[in-house]
Amino acid sequence: IASQEAEKRGWHLYLVGGAVRDLILSEAENGTLMINDIDLVVDGFHRAADVGAGVELAKALQEIYKNARLEIHGAFQTAALLWHKDSELDSLWVDIATSRTEFYPYPAANPEVEASSIRQDLYRRDFTINAMALRLTVPRSGELLDFFGGFLDLQAKQIRVLHANSFIEDPTRIYRGVRFAVRFGFTFEEETAESISYAINSGVYERTTQENIRTPALQTRLKTELKYILEAPYWQSALQLLDELDALQCIHYSLKLNKDILRKLRLLDICLRRFDKQQSLNHWQMRLELLIAHLAPQYRAKVAKNLQLADDSIMRLKKLADRQNEVITSLPNCDLSSQVVHFLKKYDLQTLILIALQSQREVRNKIWVYLTRLANVQPLLNGNDLKQLGYKPSPIFKQILDDLLKATLDGTIKDKDEAREFLA
Ligand code: ATP
């Protein structure tokens with residue numbers, strides 16, 4: 001339907017980027033293909049007014065598919081149609097862009113002009129495997145446009161960058177490359193690997209993080225890539241590859257992985273599985289917080305802020321060192337369970353997990369016992385029981401329930417009868 005709408009207007013429509021790559025890969029592997037994210041590019045104009053073609057096409061499609069939501073991003077003349085379902089896997093996102101080239105005042109029928117326009121659009125992309133297009137409109141619909149050897153690179157299972165200085169311009173491309181390498185089991189082609197180490201050794205990332213001169217748009221892209229990586233099943237291999245490439249310094253120049261961090265990240269996974277039922281935890285964000293928690297305290301909040309993490313994350317990392325000191329100093333003196341509960345209940349779950357992972361066994365065990373057992377203990381009698389015992393609702397209720405909880409936690413009372421005796 002989209003191609004018919006484009007054809008009606010005399011335009012060309014292409015499927016570009018990741019969907020073309022995934023289509024070819026799934027064909028080669030005889031696999032099934034799930035695409036939730038489709039990138040289309042409209043091209044082949046002959047009127048200046050057509051520079052907004054992507055938006056016009058999206059509007060026309062929304063007239064047909066009324067259940068789709070339309071979003072227009074004016075500055076880049078792009079539009080998106082969303083079919084949103086509860087699960088992300090069932091949702092569909094179609095981005096429609098207008099080929100980002102200068103307007104050509106030639107007739108669209110001139111194939112050279114069309115080709116150079118879509119070629120230029122593809123040339124702005126990151127890797128050859130992501131820079132192919134499939135023509136959806138007649139004539140020659142179904143034709144693969146592969147100007148940079150993406151098809152051969154897919155067959156050779158290699159990630160090849162389009163421009164030598166690509167990683168200097170945009171460090172998130174290293175993260176993207178790593179993500180594709182790990183996800184598909186590909187390797188970096190030799191010159192691409194050299195370009196990565198050249199960019200890293202040039203000190204550009206170190207300088208830009210230290211001098212805080214990155215654009216917010218770049219930081220957003222870095223955060224998005226980190227999110228993709230840290231929520232993927234292959235997060236551990238991806239982090240290790242980023243570390244081997246020395247690319248974690250894009251987050252902070254002093255960030256390096258070691259056995260200790262990897263062990264803590266694995267322990268964190270156990271915590272995430274254990275506490276997910278109690279409180280929904282943001283897994284990728286917790287992994288990132290743990291990585292950032294390994295930086296010296298003075299850098300943590302700044303790095304979190306630069307990465308545009310949520311406010312609660314930034315605050316947690318800002319206060320982590322002080323809170324950790326408090327816990328390490330005071331928790332060993334809490335001998336009774338009620339003292340442990342009284343002391344730890346002011347901290348949020350995420351903070352306690354981060355502190356536990358960074359602490360020695362005694363503190364870690366106490367936090368674990370608190371989180372898994374003590375935090376859920378309830379007083380043996382509730383407000384209704386107290387009313388039945390003849391107590392009138394009053395502010396003293398809370399005091400009584402607190403005392404009951406304390407006695408329950410410390411094992412002074414073991415059942416309701418003992419609780420009633422305790423009150424008497
Ligand atoms: P995925 O399947 O993981 O979503 P994708 O390739 O579709 O992978 P997107 O982030 O949706 O990834 O990007 C769509 C396309 O935009 C890419 O295929 C690539 O051509 C281009 N692109 C994305 N990010 C960059 C970048 N930082 N630099 C250059 N081109 C990029």
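In each ligand, atom 1 is the first atom listed, and ligand 1 is the first ligand listed.
The protein heavy atom nearest to atom 7 (O) of ligand 1 is Gly18 CA, 3.5 Å. Closest protein heavy atom to atom 2 (O) of ligand 1: Arg21 NH2, 2.9 Å. Counting protein heavy atoms only, atom 16 (O) of ligand 1 is closest to Arg125 NH1, 3.5 Å. Remark: minimum distance from atom 29 (C) of ligand 1 to any protein heavy atom is reached at Asp126 N, 3.3 Å.
Checking Thr351 against Asp348 by side-chain atom types alone, a donor-acceptor pair falls below 3.5 Å. Inspection of the His283 and Asp276 side chains reveals an N or O donor paired with an N or O acceptor under 3.5 Å. Between the side chains of Asp153 and Gln158, at least one donor N or O sits under 3.5 Å from an acceptor N or O.
Geometrically, ligand 1 and Arg183 share a nitrogen or oxygen pair separated by less than 3.5 Å. Ligand 1 has a nitrogen or oxygen under 3.5 angstrom from a nitrogen or oxygen of Arg179. Checked against a 3.5 angstrom limit, the closest N/O atoms of Ala19 and ligand 1 fall outside it.
Among all heavy-atom pairs drawn from Leu357 and Lys264, the shortest one is O-CE, 3.1 Å. Closest of all the heavy-atom pairs between Ile200 and Gln249 is CG2-NE2, 3.5 Å.
Each of the following atoms of ligand 1 lies closer than 4.0 Å to a heavy atom of Asn130: 6 (O), 18 (O), 19 (C), 20 (O). Shown in contact with Gly17 at under 4.0 Å from a heavy atom are these atoms of ligand 1, numbered in order with element: 18 (O). The distance from ligand 1 to the heavy atoms of Asp37 drops below 4.0 Å at these ligand atoms: 11 (O). Within ligand 1, counting atoms from 1 as listed, the ones closer than 4.0 Å to a heavy atom of Asp39 are 14 (C).
With a heavy-atom cut-off of 4.0 Å, Phe180 touches ligand 1 through its side chain alone. Under 4.0 angstrom from ligand 1, the non-hydrogen atoms of Asp170 all belong to its side chain.
Ring geometry for Phe343 against Tyr347 counts as perpendicular: the plane angle is over 60°, on a 0 to 90° scale with 30° as the lower cut. Using cut-offs of 30° and 60° on the angle between ring planes, the pair Phe180 and Phe127 is perpendicular.
Compare Arg176, His163, Met132 by their heavy atoms: the one nearest to atom 24 (N) of ligand 1 is in Arg176. For the residues Glu169, Arg124, Arg173, the heavy atom positioned nearest atom 28 (N) of ligand 1 is part of Arg173.
Sorted by first and then second residue, the side chain to side chain donor-acceptor pair (under 3.5 Å) pairs with a member in residues 166-179 read Asp126-Arg176, Ser166-Arg173, Glu169-Arg173, Asp170-Thr172, Asp170-Arg221, Arg176-Glu225, Arg179-Glu225; sequence neighbours excluded.
Within the structure, ligand 1 lacks Phe127 among the residues with a heavy atom less than 4.0 angstrom away.
Taking the centre of each ring, Trp83 and Tyr65 come in below the 6.0 Å mark.
Remark: Asn325 pairs with no residue by the side chain to side chain donor-acceptor pair (under 3.5 Å) rule, at least two apart or across chains.
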